[in-house]
Amino acid sequence: MSNASRKRAASAVAPQPPPPKQVLMTQEEDFMDEDVFIDQTLVSEDEESIILRDIEQRQALAARLSKWTRPPLSDDYVAQSRGVGAYFPLIGFPSSRLEIDYVIGESHRELLPNLSGPAAIIRIFGVTKEGHSVCCNVHGFEPYFYISCPPGMGPDDISHFHQALEGRMREANRNSNVGKFVRRIEMVQRRSIMYYQQSDSQPFLKIVVALPTMVASCRGILDRGIQLDGLGMKSFLTYESNVLFALRFMIDCNIVGGNWIEIPAGKYKKIVKSLSYCQLEFDCLYSDLISHAPEGEYSKMAPFRILSFDIECAGRKGHFPEPSHDPVIQIANLITLQGDDQPLIRNVMTLKSCSPIVGVDVMSFDTEREVLLAWRDFLREVDPDIIIGYNICKFDLPYLIERAANLKIAEFPILGRIRNSRVRVKDTTFSSRQYGTRESKEVTVEGRVQFDLLQKEDVHHSIISDLQNGTAETRRRLAVYCLKDAYLPQRLLDKLMFIYNYVEMARVTGVPISFLLSRGQSIKVLSQLLRKARQKNLVIPNVKQVGSEQGTFEGATVLEARAGFYEKPIATLDFASLYPSIMMAYNLCYCTLVTSEDARKLNIPSESLNRTPSGETFVKSNLQKGILPEILEELLTVRKRAKADLKEAKDPLERAVLDGRQLALKISANSVYGFTGATIGQLPCLEISSSVTSYGRQMIEHTKKLVEDKFTTLNGYEHNAEVIYGDTDSVMVQFGVSAVEQAMNLGREAAEYISGTFTKPIKLEFEKVYYPYLLISKKRYAGLFWTKPDKFDKMDTKGIETVRRDNCLLVKNLVNDCLHKILIDRDIPGAVQYVKNAISDLLRNRMDLSLLVITKGLTKTGDDYEVKAAHVELAERMRKRDAATAPNVGDRVPYVIIKGAKGAKAYEKSEDPIYVLENNIPIDAQYYLENQISKPILRIFEPILKNASRELLHGSHTRSISISTPSNSGLWKFAKKELTCIGCKAVLGWHWSTLEIEILVWFPVVLTGKQDSSDVSVHIAKEGKLSYIVKRYLEDKSHKTIGVVVVVSELEMHFGKLWTQCQECQGSLHQDILCTSRDCPIFYRRKKAQKEMSEAQSQLDRWSF
Amino acid sequence: MGIERVQCDYVSLVNVLSLCFACVVIFYDECVNLISVWKQDETFEIGKEKYHGQQYCHIYFARLHLMRTLLYSLAPHWKPNFPVCTVLELEEGKECVIVGTLYKHMKLKPRVLDEYSKQKSVVPLVKLHNFMHSDDYLVLEDESGRVKLNGNIIPPEYVTGIVVAVLGKESGAGDFLVQDVLDAGLPPQIEFPLKSGEDKYVVLVSGLSVGSSTSNPLQFQLLIDHITGHLGDEKAQRFASKIVQVVFAGNLVEIPHRILNGQNLASEDFARMSEPIRELDILLSQIAAGLPLDIMPGPSDPANFSLPQQSLHGCLFPGSSTYNTFRSCTNPHCFELDNVRFLGTSGQNVDDLDKYSDAKDKLEFMERTLRWRHLAPTAPNTLGCFPFTERDPFFIESCPHVYFVGNQDKFETRIIKGSEGQLVRLICVPKFSETGVAVMVSSKSCTLHFNLDMAFLYLSKYIIPLAHQ
């Protein structure tokens, strides 16, 4: 029965799809196609009809559908009398690496009458100007690659070769029933991109295969060698055999990420049986696509629908929610049209009743199944192009899918745009130079791009359950939180202009947006290189990857930093886009590189050759213009234009697009150099990258020399100039003058003078003056940044601890404030005093605890860590104390370092800040002083102060130490708290009458271990003595009153400020504040204020009599 | 020169004082009926309220509850044809009345969080006196939820914490389109004592700021001499003889707060701090010797910070507190004198309204607090406040006859009239140390024909001679 239902037009040809092959060379996994057969992932038609019936049954939802759906199609679309102009490839290839951007189906009989058998059909999802969703099945594009044609090969030889290859392919893919593996082999004229060649072209063989995966298997055969008649065993170097099929298609059709594609009327055939949920779905030939360059009218963006959502799960106490146990209780959704300020739809789906929320469509359901299905239906009807949220790819989406699987809701995970196609979740690791290795879950939602925004913390899971188990009112509160969490990503997206920047980057580099999200830098360069090469008739070899041992080369050097505090203006001379300029200036490219042997052989005149400082030879542009310089030139010209347009542009949207574009162009230009140097990249060429850096070094040295030679008193300048530091692409010069304006003029003069000595387009620019300038060491400095002579722009710091997360806030504040005092206030003694005060406060236990909190993410459980870490140990201890509130894997653990037993390891001394607050546990001030503060502070002060360490860290201000007395641990448990008299510190026994105590005791409880109070009380009880003490107190009393009252009033002020702030954040005056986010900077202060208020009041109470 | 002469006078005056004293006593003997009945309200004493970790939602809840009962009873008369519902029950397009606490979203409002998130700005921020911005908007909230208000309600007039009723309907975007606003209006007033009696005066002074740079001990001494009848001509002394009560509305002293700041203080610091108080005590005891005296703490006094500020401790005034005429009171302060009801604050409530809303003068703020029936609506939001759990002491249950606010820039007064015939005399008491002005209120009502102008016949400004020179 199930077999019968699977029979469909598309599936008839490939009834037994081969399992996806994973056995291919693993190191190439990064760029590998995977054929997915069209019926492989689909549910049966029976199931489909069940799903549809299911929807009809839920009538309540049906009423909402009209609100949710996209605008209806106009008649001329239906009649196919109108060309479809759709905004395409942004949505084109979903965000994962092994995604089906094409499927294997039967060749289209009408469009391709000459072909039969399985073929790759490219699916593009897009949006039209009117907001209709489109799915376009592109037919007729065939996978291919090149090999160089062995000399003397005639048409007959080619046909033999074809047969031999076909035979080997059949052996390799035995269980495939494809009729013809190698469709055809054509002789074409191309040239390899590698090395300078004099001839324009050579014969190449273009091998066209049936399916995209066959490119790889065919390449394997050719790499290993093939037996040819007359030639014997021969192996071939393949060209462009590692280009993803989708990218190949885009390159050949001139389509870039995020551009508009038009299919003229009459050129597309409306599909008979639609396979997707899109409003328009049709077949067409790849040759009929018209790609519009993103300019003018076509630079606009389509009205995407953006879904921002958040889910809440009811976790059990002490456990992070797990899909196998914990239900999904709420899902909040916002739909926004790209470019609109206000969401189009706001709704929340809740398990069990929930009170209404103004302006929000609240849908309540009795079972979790209904919640999940309602969300699925919503997603399908609303049909979003982009899905965003906090951590959705790692948590929300996988959770929903796994939860549905646990509840056996088989029809849930149909969330993509393909009818009945299930969403798949897999674990992946993704590594790139830029981001490092990351583990993540990968959720494939066909036809929808997912943007994952940064992680954040919210309501603690244990509170969620309480709210859920309450009433409709408490669930409403939860829903409000949930909605807020859904709204924040949307705002972030708008604020950071993510969409604009990504679209512009996609347009510039020509890759789909999804590649930008999930892949490294190299594919962007490769895409441009391939496009350019195609224009020039060049082909790119698939060089065997040799691994990283191919040799290293000297990186960028920096001139030695002369550390110090410079109180005269320091002019900074910058090379504008240094590496790209070098590549352009010296025509460095794959196709201009000549080995010295070749240079001799080809008899190239030495004036046409260029020897780089690293010893490589490149031809000059009169012989052969390089492709890389050409790409760079284009990028930089376009950038210049974008920057000029940006200056003119008024409309904020237009500005956003232009700014995104110029930024994308800059990044792309800089990544070209990286591409040539990436030893495990696509086409490494260390000859180029080492030449670039060697030129860079030379430029810097050259600049230094010129500056120091020219700007001297001998040459009539006021002072001798001195280069104090030089980084990759900038040189810092002290001209010796003390006015900013003079320094600027000299800087300009130097830049112009030195630029004249360089090959164009290398250019030295004067941009800014640092004054004053604190140079700590290489890559570490701070200074005030001036671009105008009258006022500085900002404080600029580099490499100084201001934002590192594993430092406590105190370090960041200290460093910032000190720099502020030193650079802006020009008050070094003030800065010194400030540090001393802070250290003294720390030692005397007066530091605000929240400043001392260190936070680290708990990524694995304690057993998995090899080295013991403070936060892991703490999590373990907290679990023993109270499993319900202990942090779980994935949480971030805040801790402070407390005083421990002598010789205790640092990781044993970590403690929960709340616990510390509540129990007055002493802080290990010494730890903070030595391990947190001292290094960064000394770094700043060493260039300024002599004996900085002795002055700052060991001065008299470090002598006075006080430690809070813990209330529940160690020896203190046995000590007795008693009221003492402030005058003589005598302990007042509890047998005293209340009246006497009221007269005598006005000071807070002071802990004392002294037990011999008996004689004191007897002593005082004597009448004369008593009156003496009373008298003393009456004199003292008003002083002490003021002291206490002032302390209390300060506390009250803090209390009020902090708690009303939290009310504000919470957005409610009438509800208790629930938030337990330890990431909030005022969380500990708020807790502390609460505790101190209690104490203060009991103190004040002792005064009222 | 003038100063020296006056100082000489003062020395001699003290010498003569013992002689004069007999006179004064006799004088009072003659006017026995001038002794007034003074009754203090204990609303503003924190008393048994304990702090045990509670938050501020309780006080808002208590306020909403009190006010809503009131507004619900008014609503049927105000808009008889419209249903009353909660924020939850709103439906798009349905016209109805909702009652709730206002929350004013303010862009410029200073936030504690900014201390963390904001980069240290290079240019020091201009200190704003008023945090309003044209983007501010109002939100109405009850326990069930909140809704943004739009339409016929002007944000500059309102602040966070007021409870009002609004008529309108929900627009599609989730906003509530306000057509009309109702506040609770003036509270009921106890009847003004009609029986004829002697003319009696209450003196209101604020902002002595002893110990500050603007304070002038001589000026204060002259005031005391006027009040106690030691200065002026016969007419002035006749007035002085009718004074039955002196109220000091906050900021008696100014203590240099900075030197405290939780540091351990040396005993000389304590001495420096308590010096102004010692001085004040000496001066106050001169008044307390002859007249009932109420002192209220203000923002610069050694009292707690949050409202209601609790009475200053008696031990600070070892001299004057020995008199039973000396009464240390709370701020706000509410008392009845011969059944004339006085209500006053040391100024924080109106000053805070001035930061977060807009009015033509300070009196208008005062009038609004009465109409809103809430003495300090911005507490706890922007005004420090004790987290009460069971009640909201700032709710004005009974309308005062005299409502004064201390520590203002200038003297202003006006009478306002309520819908039920309530008449209230509003007074802004200026800072004495800066203006040299004290205010005298007459509590006389002489005829059966009730006339408020007559009742508060005499509002005099004591312009101390030194201020003229």
Side-chain angles (χ1 to χ4, degrees), chain A residues 342 346 355-360 473 476 480 792 794-795 809 816-817 820 824 846 1034 1036-1043 1045-1053 1055-1065 1067-1073 1080-1082 1085 1090-1091 1093-1094 1096-1097 1100-1101 1103-1104, chain B residues 50-53 55-57 60-61 64 87-90 101 103 111-113 115-117 120 122 141-148 160-161 170 173-176 255 257 260-262 265 267 270-271 273-274 277-278 302-306 310 313 315-316 318 380-387:
Chain A
Q342 287 298 318
R346 276 181 252 232
S355 304
I357 302 165
V358 179
V360 176
E473 280 282 306
R476 179 183 177 280
V480 171
F792 65 88
K794 60 176 180 186
M795 187 166 91
L809 200 58
N816 270 342
D817 291 349
H820 199 271
I824 296 176
R846 287 213 211 101
L1034 279 179
D1036 243 14
K1037 190 172 171 186
S1038 71
H1039 300 166
K1040 297 283 192 270
T1041 313
I1042 297 170
V1045 154
V1046 166
V1047 170
V1048 170
S1049 85
E1050 201 102 328
L1051 285 177
E1052 287 178 344
M1053 197 161 78
F1055 180 88
K1057 267 198 210 160
L1058 295 168
W1059 283 92
T1060 51
Q1061 172 71 63
C1062 291
Q1063 280 194 318
E1064 208 150 295
C1065 274
S1068 161
L1069 304 173
H1070 297 101
Q1071 313 272 7
D1072 261 328
I1073 292 150
C1080 173
I1082 64 171
R1085 280 178 70 187
Q1090 203 170 17
K1091 177 168 179 270
M1093 263 289 273
S1094 299
Q1097 218 204 358
L1100 266 189
D1101 284 350
W1103 290 88
S1104 55
Chain B
K50 276 271 179 288
Y51 182 73
H52 43 75
Q55 304 179 5
Y56 280 131
C57 55
Y60 280 116
F61 188 80
L64 179 64
V87 170
L88 262 190
E89 294 156 4
L90 288 179
T101 313
Y103 172 78
R111 291 147 43 102
V112 188
L113 275 183
E115 289 173 25
Y116 293 88
S117 56
K120 272 223 155 61
V122 176
E141 177 179 331
D142 62 15
E143 313 93 310
S144 68
R146 51 167 53 183
V147 61
K148 190 177 162 189
T160 299
E170 191 202 327
D175 292 1
F176 189 80
I255 291 183
H257 265 243
L260 295 158
N261 239 348
L265 291 179
S267 54
F270 276 119
M273 252 164 37
S274 53
I277 298 187
R278 288 243 314 266
N304 58 328
F305 168 79
S306 52
Q310 297 304 290
H313 204 280
C315 73
L316 295 173
N381 190 40
T382 47
L383 195 57
C385 168
F386 182 84

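Every chain is numbered from 1 and lettered A, B, ... according to where its sequence line falls, protein lines coming before strand lines.
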Taking all heavy atoms of [X] and all of [Y], pick out the closest pair and write down the distance.
X	Y	result
B/Phe305	A/Glu1052	N-OE1, 2.6 Å
A/Arg476	B/Arg146	NH2-N, 4.2 Å
A/Gly1056	B/Tyr56	CA-OH, 3.4 Å
B/Asn381	A/Thr1060	O-OG1, 3.4 Å

Could you give the distance from OG1 (B/Thr382) to NZ (A/Lys1057), rounded to the nearest 0.5 Å? 12.0 Å
Answer yes or no: is there a side-chain heavy-atom contact under 4.5 Å between A/Phe1055 and B/Pro387? yes
Tell me, out of B/Gly384, B/Cys385, B/Gly161, B/Ser306, who's got the most heavy-atom pairs with chain A below 4.5 Å. B/Ser306
